[in-house]
Amino acid sequence: MSETLSMHPELGREVPIGSIDRELHQLWEEDDARTNASLINLAVYSEEPDALVRNSAAVRELTREHACRAILIGIDREAEEASIRAWITAHCHLSHGQKSVCCEQIAFALTGRATGRLRNTVFAHLNSDLPLILWWQGELSPIFSERFYSLVDRFVFDSSSWKDPLDSFSRILEASETSNRLVVQDLSWTRCYQFRVSVAALFDDPVASESAGAIQSVRIVHHPDHRLTALQLLAWLAVQAGWRDGLELHLADSRRGGNGESFSFESATGQAITATLVPDADGPPLGRLEIEAGEVRIDVVRDPGSSHLLRRLECGGHRSESPAPVDPDGSVELVGEQLSRGGKNSLYRKILPRFLELLSC
């Protein structure tokens, strides 16, 4: 007999902590037409109020393409009362218009001192045969410790929301060095993916390729909330092109203001390069990347509200222009992109030291 305590319209049945496995088994027995599918454990962690309901809706969208066992974790570390509550449900989608393919979800709400039972109580319900991808939302808190991340295979976060990104990134680096299997994926990095692809595609043109060593200036227009995405894009350019620090790199902070911030580099051939980041509160996360190299001018542009990028190359009478896909703006869609691509994210590890140098200027 079920020990269900109550029913939540989004989270499903509230069940006793000690009966979760039995309740899940019963959930699947109730409808033979449904098939349980799971390729990963997807945990979503948040310390924001009401995050469980919001994240359940997010998981419903993600499970349209990514079959998983979803574990939602809602934490209130400041609560005086220690408590743990759990709910179970399934997100179902039609397969070929007939049979439902479903992903099970377990939602946990932990308060007060009960948050110390996160590993032994919550992570005890992972599917042990599948990798754990954890989407951390918000600032890193004391919960992010070796005891926590040692269980994680892929750690997804969004650095754009951090108040002290240098401190948070130092903790991420320490975690990466401690846990060899941990792959880190920053949604700020994902937001510039199509810009990076577009720049690489433009430099496939022989005219642009010949000008790579003569780059004189770079200008990146970004939304103020996504300065870190612009810095990561600049770090990628500097690393891939082999740029050294210019004489004025460390004067960048004094130049920061309403007109943007500037950085100085030097190419392998000694060409001085100035890079400028310009905030635009009315634009998308990334609005424009301009590169000038003598007579060659390269633009990757995303106009506000546009569903695509424009790639442009001009050099004297030579001109080419083509559309390109745009990166999604929403966190759920960006996480979906990360789940689709997978990989060890080695390029991000490669540019991370350079990005942190720029961030600390």
Side-chain angles (χ1 to χ4, degrees), residues 11-29 34-47 51-52 55-56 58-75 77 83-92 101-111 114-138 140-157 172 175-176 178-185 332 335-336 338-340 342 344-345:
L11 302 179
R13 298 176 184 173
E14 182 172 5
V15 297
I17 296 296
S19 304
I20 290 176
D21 290 337
R22 180 161 56 85
E23 293 288 343
L24 282 173
H25 182 71
Q26 180 175 328
L27 182 70
W28 295 113
E29 285 188 335
R34 299 189 300 185
T35 298
N36 182 14
S38 184
L39 297 175
I40 57 173
N41 291 297
L42 175 62
V44 186
Y45 178 96
S46 179
E47 298 183 12
L52 286 180
N55 286 331
S56 181
V59 166
R60 184 187 308 113
E61 293 303 312
L62 290 171
T63 52
R64 293 182 187 277
E65 299 292 336
H66 307 283
C68 63
R69 168 176 279 196
I71 306 284
L72 305 186
I73 306 167
I75 294 282
R77 295 185 294 115
S83 68
I84 303 180
R85 299 173 66 185
W87 297 262
I88 62 169
T89 190
H91 297 295
C92 299
V101 176
C102 303
C103 299
E104 57 195 12
Q105 171 184 289
I106 313 171
F108 293 93
L110 294 84
T111 65
T115 56
R117 295 173 58 184
L118 179 62
R119 178 180 173 117
N120 292 340
T121 300
V122 175
F123 288 162
H125 292 89
L126 298 173
N127 189 326
S128 60
D129 295 330
L130 301 176
L132 170 58
I133 299 175
L134 190 136
W135 175 14
W136 180 288
Q137 298 177 343
L140 295 186
S141 74
I143 297 290
F144 183 75
S145 63
E146 183 178 1
R147 181 175 170 79
F148 176 86
Y149 60 68
S150 62
L151 299 172
V152 179
D153 295 281
R154 192 174 298 273
F155 186 69
V156 181
F157 56 94
I172 296 286
S176 298
T178 304
S179 176
N180 292 329
R181 73 174 186 178
L182 184 67
V183 175
V184 297
Q185 294 185 316
V332 176
V335 171
Q338 291 282 22
L339 295 178
S340 297
K344 295 184 178 179
N345 217 13

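What you are looking at is a predicted structure, and each value in this text was computed from that prediction instead of being measured.
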Report task. For side-chain contact (heavy atoms from CB on, under 4.5 Å), just list the numbers for L134 and F144, CA-CA rounded to whole Å, side-chain angles, deciding distance to a tenth of an Å, and then say yes or no. Result -> CA-CA 11 Å; L134 190 136; F144 183 75; over 6 Å; no
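- Residue G74 comes nearest to L52 through the heavy atom pair N-CD2, 3.5 Å, listed as atom of the first residue, atom of the second, then distance.
- Considering CD1 of I71 and CG of L126, their distance stands at 5.5 Å, rounded to 0.5 Å.
- Taken from NE2 in H66 to CG in L339, the straight-line distance is 4.5 Å, to the nearest 0.5 Å.
- For H125, the ring pair (Phe, Tyr, Trp, His ring centres under 6.0 Å) partners are F108, not counting sequence neighbours.
- With sequence neighbours left out, the side chain to side chain contact (heavy atoms under 4.5 Å, CB included) criterion links V332 to A58, E61, L62, W135.
- Donor-acceptor pairing under 3.5 Å is recorded for the side chains of Q105 and S56.
- With a 4.5 Å cut-off on side-chain heavy atoms, Q338 and I133 do not count as touching.
- Scored by the side chain to side chain contact (heavy atoms under 4.5 Å, CB included) test, C68 finds I40, L42, T63, A70 as partners (sequence neighbours excluded).
- Here W136 and F157 keep their ring centres 6.0 angstrom or further from each other.
- For R60, the salt bridge (charged side-chain N to carboxylate O under 4.0 Å, His left out) partners at least two apart in sequence or on another chain are E10.
- With a 4.5 Å cut-off on side-chain heavy atoms, V44 and Q137 count as touching.
- Side-chain contact between L24 and R69 is present, with heavy atoms from C-beta onward closer than 4.5 Å.
- A pairwise comparison of heavy atoms in L182 and S176 identifies CD2-N, 4.3 Å as the closest pair.
- In this structure, the side chains of R77 and I143 come closer than 4.5 Å at one or more pairs of heavy atoms.
- Note that the NZ atom of K344 and the CD atom of Q185 stand 13.0 Å from one another [nearest 0.5 Å].
- Distance CZ/R117 to CD1/I17: 7.5 Å, rounded to 0.5 Å.
- Contact annotation: the side chain of E47 approaches that of S141 to within less than 4.5 Å [non-hydrogen atoms, C-beta and beyond].
- Taking each heavy atom of W87 and G12 in turn, the nearest pair found is CD1-O, 3.6 Å.
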In a table with atom names and distances, give each donor-acceptor pair under 3.5 Å that connects a side chain of residues 146-153 to protein atoms at least two apart or in another chain.
{"unit_1": "S150", "atom_1": "OG", "unit_2": "R119", "atom_2": "NH1", "d": "3.2"}
{"unit_1": "S150", "atom_1": "OG", "unit_2": "E146", "atom_2": "O", "d": "2.9"}
{"unit_1": "D153", "atom_1": "OD2", "unit_2": "L132", "atom_2": "N", "d": "2.8"}

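- Residues forming a side chain to side chain contact (heavy atoms under 4.5 Å, CB included) with A51 (at least two apart in sequence, or on another chain): S46, E48, R54, N55.
- Closest non-hydrogen pair, A114 versus L110, comes out as O-CD2, 3.3 Å.
- Between I106 and V15 there is no side-chain heavy-atom pair separated by less than 4.5 Å.
- C102 places a side-chain heavy atom less than 4.5 Å from the side chain of W28.
- A distance of 9.0 Å separates OG1 of T111 from CD1 of I75, quoted to the nearest 0.5 Å.
- The structure places OG1 of T115 at 9.0 Å from CD1 of I84, a figure rounded to the nearest 0.5 Å.
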